[in-house]
Amino acid sequence: MLSQRSKVCVGIAAVLCGILASFHAEATLDLKWYRQSKSPQSGVKDHVELYINGLRDGIVLFDAYRKRYDGVKEKFCIEGKGLDGARTLAILDVEISDPSTGKPYPEDIPIVFVLIKALERFAACK
């Protein structure tokens, strides 16, 4: 059951997602975007790394928030995993090329979902 604070955070997140979705059809950054943008020729490779690391930080911080305020067990333990920018991209690339689900990801899947699976695979709490 979500606490009152979590309900507020989920509500805010839903509103922000709605705002992002209303800008343009390309607002969802998917696997296809990631593959195209990550190449050195795209000119935005550094921005891709910053974006992915921002996603990682948000996922991990939300997980820590839920542990503290909702009393749920932490899902991600990043201490000692060396999840800097390059390592985060590396585990994401491994998850893309060898999906833990056993099935290839569709090109239109939001990259954040693939990153969550990568974190579950490489930074799960034991």
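Note that the numbering runs from 1 along the sequence shown for the chain.
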Seminar exercise, completed: Distance col, row L31:CG vs D108:CG, nearest 0.5 angstrom, shows 9.0 Å
Exercise. Under a single-linkage definition using a 4.5 Å side-chain heavy-atom cutoff for Ile, Leu, Val, Met, Phe, Trp and Tyr, are F113 and L89 assigned to the same hydrophobic cluster?
Worked result: yes
Exercise. Between T88 and L119, is any pair of side-chain heavy atoms under 4.5 Å apart?
Worked result: no
For this session: Would you mind reporting whether I52 and L55 have side-chain heavy atoms less than 4.5 Å apart?
Result: yes
Exercise. What are the two closest non-hydrogen atoms of P99 and P104, and how far apart are they?
Worked result: CG-CA, 3.8 Å
For this session: Would you sort out whether E120 and K75 count as a side chain to side chain contact (heavy atoms under 4.5 Å, CB included), showing the intermediate values?
Result: CA-CA 7 Å; E120 287 174 348; K75 193 172 193 168; 2.8 Å; yes
For this session: Without swapping roles, check the side chain of N53 against the backbone of E49 for a donor-acceptor pair under 3.5 Å.
Result: yes
For this session: Anything under 30° is parallel, anything over 60° is perpendicular, the rest tilted; go ahead and classify Y65 against Y69.
Result: tilted
For this session: Decide, yes or no, whether a salt bridge links E107 with R35 under the criterion of side-chain N to carboxylate O below 4.0 Å.
Result: yes
Exercise. For residues 92-104, which residue pairs qualify under salt bridge (charged side-chain N to carboxylate O under 4.0 Å, His left out), counting only residues two or more places apart or in two chains?
Worked result: K38-D93, E95-R121, D98-R121
Exercise. Between I111 and Y105, is a side chain to side chain contact (heavy atoms under 4.5 Å, CB included) present by the stated rule, with each step listed?
Worked result: CA-CA 10 Å; I111 196 67; Y105 290 104; over 6 Å; no
Exercise. Which residue pairs satisfy the disulfide bond (SG atoms under 2.5 Å apart) criterion with at least one member in residues 45-123, sequence neighbours excluded?
Worked result: C77-C125
For this session: Identify whether I109 and V94 are in the same connected component of the hydrophobic contact network (ILVMFWY, side-chain heavy atoms under 4.5 Å).
Result: yes
Seminar exercise, completed: CD1 (I78) and CZ (F122) are apart, to the nearest 0.5 Å, by 15.5 Å
For this session: Please test L29 against Y51 for side chain to side chain contact (heavy atoms under 4.5 Å, CB included), starting from the C-alpha separation and ending with a verdict.
Result: CA-CA 10 Å; L29 303 177; Y51 177 77; 3.2 Å; yes
Seminar exercise, completed: One should read off an interatomic distance between R56 CZ and L115 CG, to the nearest 0.5 angstrom, of 8.5 Å
Exercise. Please walk me through it: do R87 and D84 pass side chain to side chain contact (heavy atoms under 4.5 Å, CB included)?
Worked result: CA-CA 5 Å; R87 174 108 169 104; D84 60 3; 3.1 Å; yes
Exercise. Where do S37 and V48 come nearest, in terms of heavy atoms and distance?
Worked result: CB-CG2, 3.4 Å
For this session: Heavy atoms only: give me the nearest I116-F76 pair and the separation to one decimal.
Result: O-CE2, 4.1 Å
